[in-house]
Amino acid sequence: MAASAPGKLILFGEHAVVFGEPALATAINLRAEVFARPHAEWRADGGSLDEPRFRYVKAAVEKAKSKGPLWLEVRSMVPSGVGLGSSAAVTVATLGALHGMIGPIDPKTIAREAFEVEHDVQGRASPIDTSAASAGGGVLVLPNPSAGLLWTIERDSRRWYLHRADLPPLDFVIGSTGISAATGPLVATVKERVDRDPRAREAVREIGRITLDGLQALRRRDFARAGQLMDRNHALLTQLGVGHPMLDRLVAAARRTSYGAKLTGAGGGGSMVALSDRPEGTVASIRAAGGKAFVVRSDPAGVTTLG
Ligand code: PMV
């Protein structure tokens with residue numbers, strides 16, 4: 001049995017989502033695949049499940065209460081540590097393979113279990129990555145249920161409503177700064193600002209409005225408007241303290257050949273995304289500015305078994 005699941009890209013709303021604002025993500029065509037077959041003992045890529053690199057795989061095995069033992073093989077095209085949801089893709093693909101050994105897979109069950117796995121391993125998580133990897137396509141997080149509800153994820157006193165967001169097929173250019181920054185302290189920085197500064201609170205609310213406007217603009221293929229909203233979202237995230245000079249540099253370079261650009265994910269380094277109809281030109285501009293760059297496409301397929 002094998003299963004595959006996509007990485008993700010946050011288009012609008014990161015950080016603001018922590019305060020109950022909407023966020024929009026899309027699954028991307030970089031995927032993780034996990035193969036599982038019965039074996040005399042538990043193995044992952046021939047090694048022990050206790051190796052740190054398999055901590056999501058091991059936690060997924062425990063969450064799925066898989067009897068095993070199984071030999072697992074993990075292949076991922078999703079680069080890790082750049083905010084593209086590599087751990088979620090591996091977690092969801094692992095759960096897909098384990099559930100697929102017993103019967104048909106249910107993306108909602110997998111999304112819930114994968115969120116728990118990420119939460120257990122990372123100590124903190126929003127369900128965006130794991131739900132995008134499970135559902136595929138566009139995913140909108142809202143503080144209340146609305147049309148297109150996929151599922152609800154709950155943890156402690158928090159509740160997220162995951163919705164289907166119908167987006168047209170889109171190409172995005174990713175620029176990676178090569179600077180890694182942990183998400184937790186960045187989330188804490190924003191919280192501290194929001195607690196003491198009303199302007200930061202207003203910035204968070206404006207990001208929420210931008211997310212909904214951005215979704216509408218992308219839906220009607222008004223890329224000029226979507227790009228403007230990305231630019232504004234980037235400025236607001238920078239105001240909230242999660243920017244970085246290298247991000248500004250890559251964003252500025254990308255904007256010369258695109259509709260708009262912003263940081264994506266937690267920020268503080270990490271990656272940026274640009275919306276461009278000349279992706280090769282945008283890739284070249286980002287590389288010339290010192291970043292790594294590549295093109296990704298939205299992927300409508302969520303977790304799928306491969307037979
Ligand atoms: O680094 P990523 O791609 O997992 O994005 C983090 C997104 C935040 O909104 C900053 C945090 C969260 O848990 O939603």
Side-chain angles (χ1 to χ4, degrees), residues 5-28 30 32 56 76 78-92 111 114-134 138-143 153-163 172 174-194 200 203-208 210-211 214 230 233-234 236-244 247 262-273 296:
K8 71 88 189 47
L9 177 62
I10 300 183
L11 299 175
F12 294 101
E14 50 274 271
H15 286 289
V17 68
V18 173
F19 300 90
E21 296 294 337
L24 177 66
T26 179
I28 54 173
L30 298 175
Y56 290 93
S76 181
V78 191
S80 63
V82 295
L84 294 181
S86 71
S87 62
V90 167
T91 302
V92 168
F115 169 71
E116 295 286 327
V117 166
E118 281 223 319
H119 204 286
D120 293 350
V121 176
Q122 296 174 5
R124 178 222 61 88
S126 84
I128 304 178
D129 295 26
T130 39
S131 282
S134 302
V139 172
L140 179 69
V141 188
L142 292 175
I153 306 268
E154 289 174 46
R155 175 90 193 196
D156 307 325
S157 60
R158 304 179 71 190
R159 187 177 284 185
W160 296 268
Y161 296 91
L162 283 301
H163 296 77
F172 295 97
I174 305 295
S176 162
T177 61
I179 301 159
S180 63
T183 303
L186 290 159
V187 170
T189 299
V190 176
K191 177 156 183 1
E192 194 239 313
R193 288 202 187 194
V194 166
V204 163
R205 280 195 290 269
E206 187 180 342
I207 291 174
I210 284 173
T211 300
M230 290 170 79
N233 195 352
H234 181 77
L236 291 165
L237 285 164
T238 305
Q239 189 188 320
L240 288 171
V242 297
H244 187 280
L247 275 170
K262 62 181 275 293
L263 72 84
T264 181
S271 304
M272 45 76 54
V273 54
V296 297

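This chain uses plain numbering: 1 for the first residue, then up along the sequence. One-based numbering, in listed order, for ligands and for the atoms of each.
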S.K.: Ser126 and Val141: side chain to side chain contact (heavy atoms under 4.5 Å, CB included), yes or no, with the steps?
M.R.: CA-CA 10 Å; Ser126 84; Val141 188; over 6 Å; no

S.K.: Can you tell which part of Thr264 has a heavy atom less than 4.0 Å from ligand 1: side chain, backbone, both or neither?
M.R.: neither

S.K.: Does Lys191 use its side chain to pair, donor to acceptor, with the backbone of Phe19 at less than 3.5 Å?
M.R.: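 Between the backbone of Phe19 and the side chain of Lys191 there is no qualifying donor-acceptor contact (under 3.5 Å).
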
S.K.: Pair up each side-chain donor or acceptor in residues 83-90 with any protein partner under 3.5 Å, not counting sequence neighbours, and list the distances.
M.R.:
unit_1 : atom_1 : unit_2 : atom_2 : d
Ser87  : OG     : Glu118 : OE2    : 2.7

S.K.: Please identify which atoms of ligand 1 are closer than 4.0 Å to at least one heavy atom of Val17.
M.R.: 9 (O), 14 (O)

S.K.: With heavy-atom distances below 4.5 Å as the criterion, would you say the side chains of Ile207 and His15 are in contact?
M.R.: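 No, every pair of side-chain atoms sits at 4.5 Å or beyond.
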
S.K.: Considering only heavy atoms of Gly265, which atoms of ligand 1 have at least one such atom less than 4.0 Å away?
M.R.: 3 (O), 5 (O)

S.K.: Specify the protein heavy atom at minimum distance from atom 8 (C) of ligand 1: its residue, its atom name, and the distance to 0.1 Å.
M.R.: His15 N, 3.9 Å

S.K.: Quick one: which of Gln122, Lys8, Glu118, Glu21 has a heavy atom closest to atom 2 (P) of ligand 1?
M.R.: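 Of the listed residues, Lys8 has the closest heavy atom.
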
S.K.: Which residue and atom name correspond to the protein heavy atom nearest atom 4 (O) of ligand 1, and how close is it?
M.R.: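 In this structure, atom 4 (O) of ligand 1 has Asp129 OD2, 3.6 Å as its nearest protein heavy atom.
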
S.K.: Among all the protein's non-hydrogen atoms, which is closest to atom 7 (C) of ligand 1, and how far away is it?
M.R.: Ile10 CD1, 3.9 Å

S.K.: Could you identify the single nearest non-hydrogen protein atom to atom 11 (C) of ligand 1 and state the distance to 0.1 Å?
M.R.: Arg124 NH1, 3.6 Å

S.K.: Which ligand 1 atoms does Glu14 reach within 4.0 Å, using its non-hydrogen atoms?
M.R.: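 Heavy-atom distances to Glu14 below 4.0 Å select 9 (O).
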
S.K.: Using a strict cut-off of 4.0 Å, indicate which atoms of ligand 1 neighbour a heavy atom of Ser126.
M.R.: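 Result: 12 (C), 13 (O), 14 (O).
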
S.K.: Distance from Leu237 atom CG to Met272 atom CE, nearest 0.5 Å?
M.R.: 13.0 Å

S.K.: So, Ser176 side chain and Ser271 main chain: donor-acceptor pair closer than 3.5 Å or not?
M.R.: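 No, Ser176 side chain to Ser271 backbone: no donor-acceptor pair under 3.5 Å.
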
S.K.: Is any side-chain heavy atom of Thr211 less than 4.5 Å from a side-chain heavy atom of Leu140?
M.R.: yes

